[in-house]
Asks: 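My structure is below; once you've seen it, I'll send some questions.
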2 protein chains.
Amino acid sequence: MDDETRLIYFRFFNEIGILSQLSRAAMEARLPDGLMLPHFSVLNHLTRVRDGQTPNTLARAFQVPKTTMTHTLTGLVKHGLVEMRPNPKDGRSKRVWLTEPGRRFRVEAIRALDPNFQRLAAAIPPDQVAALLPALAEIRAFLDADRDRDDDAED
Amino acid sequence: MDDETRLIYFRFFNEIGILSQLSRAAMEARLPDGLMLPHFSVLNHLTRVRDGQTPNTLARAFQVPKTTMTHTLTGLVKHGLVEMRPNPKDGRSKRVWLTEPGRRFRVEAIRALDPNFQRLAAAIPPDQVAALLPALAEIRAFLDADRDRDDDAED
DNA sequence: TCCACTTAGTGCGATTTCGTATTATATAGT
DNA sequence: ACTATATAATACGAAATCGCACTAAGTGGA
């Protein structure tokens, strides 16, 4: 792989990392005490995909250890934003369900970003951002499918 | 702000977050024991911008508390990848300098990603990624400049 | 100069994240 | 049915991250 090509990919992920850092900070500044971005992200995932998933599925989806997901879910339960019920099909596992406050919390958290989005919109119109989405989704889908191979290709 | 516009921006940052998560995991899988992504990121920042910066400047650049940067720098010093020297212009502060092993480590860490980049290149050619860079950089620059206003506009 | 105020770095305790080991349940082979 | 193996969740301890408070040093005004 030539230097120029490597630099293109590296700079891309560099930009991604910085953008993520900046948006994470902006988002967490809007969240109430005791709730972090992972809490919101789980609510968002349960809404976008579907609720009733197991903690293990969520841990794999977020690329975090199971113990971390247990901790995050404990916090969400404590705040009444999700419910854990036993999985009738598997006595070992549980299933995670959104509560009404959980759904409401997610919607309000997104709406709370409007001031940020409005300032951004003044500099970068929605069309320009929308134009990036297909390519980003494509790269994301590839990495998502590719991640398992990382282990196999270690040596 | 209408729902459609909000959704565009939200989905954009959603993709950014997932991409960051996936690439972070892939990157950390390549790093040796005892060194995390923040360690690499600081080395990269010192290389790209310039070394000799103060810990406080780095903490602000990375949007982390000063104590976190102290911790990260302590680890880098322990591994001999950076040096801390007193700041002759300000007795309170220090300056962080890259060492030769630090520079080498960064280059090797980037090169270690080649297998990942090569697999990605087979699905998403460099041109397509390069085409995204200007827009991403523009959005990143805006957020970077905008982040201070978050506090002011809280209420 | 002196004194109040600000700033850079760090010590300390709390929370989050993570790796390992453990328990309970499911699955497969006999 | 029984045993060995695999899997889901968690308990536990280590490391990372963070907020608060403290010390040392710089800044500005009387």
Side-chain angles (χ1 to χ4, degrees), chain A residues 17 20-22 24-29 31-43 52-79 82-97 148 151, chain B residues 17 20-22 24-43 52-79 81-97 148 151:
Chain A
S20 173
Q21 228 163 21
L22 292 168
R24 177 184 182 126
M27 177 84 198
E28 289 199 324
L31 291 176
D33 258 23
L35 290 176
M36 326 252 98
L37 187 61
H39 295 116
F40 169 81
S41 299
V42 168
L43 294 179
Q53 298 188 52
T54 69
N56 198 32
T57 303
L58 292 170
R60 272 186 278 111
F62 283 97
Q63 295 265 89
V64 297
K66 289 181 296 179
T67 52
T68 301
M69 188 52 63
T70 297
H71 181 79
T72 302
L73 291 172
T74 302
L76 285 171
V77 169
K78 197 165 296 176
H79 283 82
V82 303
E83 282 176 2
M84 311 266 287
R85 299 188 215 146
N87 187 346
K89 306 194 174 179
D90 189 333
R92 295 167 300 179
S93 97
K94 300 178 176 176
R95 302 178 70 181
V96 185
W97 300 93
D148 297 328
D151 299 327
Chain B
S20 173
Q21 229 162 18
L22 292 167
R24 177 184 181 125
M27 177 84 197
E28 289 199 324
R30 304 284 184 186
L31 290 177
D33 257 22
L35 290 176
M36 328 251 95
L37 186 61
H39 296 116
F40 170 81
S41 300
V42 167
L43 294 179
Q53 298 188 52
T54 69
N56 197 32
T57 302
L58 293 170
R60 273 186 276 113
F62 283 97
Q63 296 266 90
V64 297
K66 289 180 299 177
T67 54
T68 302
M69 187 52 62
T70 297
H71 183 77
T72 302
L73 290 173
T74 301
L76 285 170
V77 169
K78 198 166 296 177
H79 283 82
L81 303 178
V82 302
E83 282 177 0
M84 311 267 285
R85 299 189 214 146
N87 186 346
K89 304 193 177 184
D90 189 334
R92 295 167 301 180
S93 96
K94 300 176 177 177
R95 302 178 70 179
V96 185
W97 299 93
D148 297 328
D151 300 326

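Chain letters run A, B, ... following the sequence lines, proteins first and then strands; every chain starts at 1.
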Asks: Check residues 57-65 of chain B and write down every donor-acceptor pair under 3.5 Å in which the side-chain atom is one partner and the other belongs to a residue at least two apart or another chain.
Replies:
unit_1, atom_1, unit_2, atom_2, d
B:Thr57, OG1, B:Thr54, OG1, 2.8
B:Gln63, OE1, B:Arg147, NH1, 2.4

Asks: Compare all side-chain heavy atoms of A:Arg95 with those of A:Pro86 and state whether any distance is below 4.5 angstrom.
Replies: no
Asks: Taking 5' to 3' order, which nucleotide of DNA chain C is first and which is last to have an atom within less than 4.0 Å of a heavy atom in chain A?
Replies: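 The contact span of chain A on DNA chain C goes from C:dT16 to C:dA26.
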Asks: Contact class for A:Thr68 vs. all strands (heavy atom < 4.0 Å): base, sugar-phosphate, or nothing?
Replies: base
Asks: What residues from residues 55-66 of chain A pass a heavy-atom cutoff of under 4.0 Å to DNA chain C?
Replies: A:Val64, A:Pro65
Asks: Using heavy-atom distances to pick each residue's nearest nucleotide on DNA chain C, tell me which of A:Thr67 and B:Thr54 is more 5'.
Replies: B:Thr54
Asks: Let me see the working for B:Val42 and B:Met69 under side chain to side chain contact (heavy atoms under 4.5 Å, CB included), right down to the final yes or no.
Replies: CA-CA 9 Å; B:Val42 167; B:Met69 187 52 62; 4.1 Å; yes
Asks: If you measure from CH2 on B:Trp97 to CZ on B:Arg85, what distance do you get to the nearest 0.5 Å?
Replies: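 It comes to 6.0 Å.
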Asks: Can you measure A:His71 atom NE2 to D:dG13 atom P for me and round it to whole angstrom units?
Replies: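 A:His71 atom NE2 is separated from D:dG13 atom P by 16 Å.
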Asks: Mind checking what makes salt bridge (charged side-chain N to carboxylate O under 4.0 Å, His left out) contact with A:Arg24, not counting sequence neighbours?
Replies: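 Once residues adjacent in sequence are excluded, the partners of A:Arg24 under the salt bridge (charged side-chain N to carboxylate O under 4.0 Å, His left out) criterion are A:Glu28.
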Asks: Whole-Å distance between D:dA8 P and A:Gln53 CD?
Replies: 14 Å
Asks: Pairs of donor and acceptor atoms involving the side chains of residues 72-79 of chain B, under 3.5 Å and at least two apart or interchain, shall be tabulated with distances.
Replies:
unit_1, atom_1, unit_2, atom_2, d
B:Thr72, OG1, B:Thr68, O, 3.1
B:Thr74, OG1, B:Thr70, O, 2.7
B:His79, ND1, B:Gly75, O, 3.0

Asks: Measure CE/A:Met69 against P/D:dA11 and give the value in whole Å, please.
Replies: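 Those two atoms, CE and P, are 16 Å apart.
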Asks: Any chance you could lay out the side chain to side chain contact (heavy atoms under 4.5 Å, CB included) test for A:His39 and A:Leu31, step after step, and finish with the verdict?
Replies: CA-CA 10 Å; A:His39 295 116; A:Leu31 291 176; over 6 Å; no
Asks: Could you pull out the protein-nucleic contacts involving nucleotides 23-28 of chain D (nitrogen or oxygen on both sides, under 3.5 Å)?
Replies:
unit_1, atom_1, unit_2, atom_2, d
D:dG26, OP1, B:Gly91, N, 2.9

Asks: Expressed as a whole number of angstroms, how long is the span from A:Arg95:CZ to D:dA8:P?
Replies: 14 Å
Asks: Decide yes or no on side chain to side chain contact (heavy atoms under 4.5 Å, CB included) for A:Gln53 and A:Val96, but give the supporting numbers first.
Replies: CA-CA 6 Å; A:Gln53 298 188 52; A:Val96 185; 5.8 Å; no
Asks: Looking only at heavy atoms, which two atoms of A:Ser20 and B:Gly17 are closest? And how far apart?
Replies: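 That would be OG-CA, 4.4 Å.
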Asks: Applying side chain to side chain contact (heavy atoms under 4.5 Å, CB included), run through A:Lys94 and A:Asn87 and close with a yes or a no.
Replies: CA-CA 5 Å; A:Lys94 300 178 176 176; A:Asn87 187 346; 5.8 Å; no
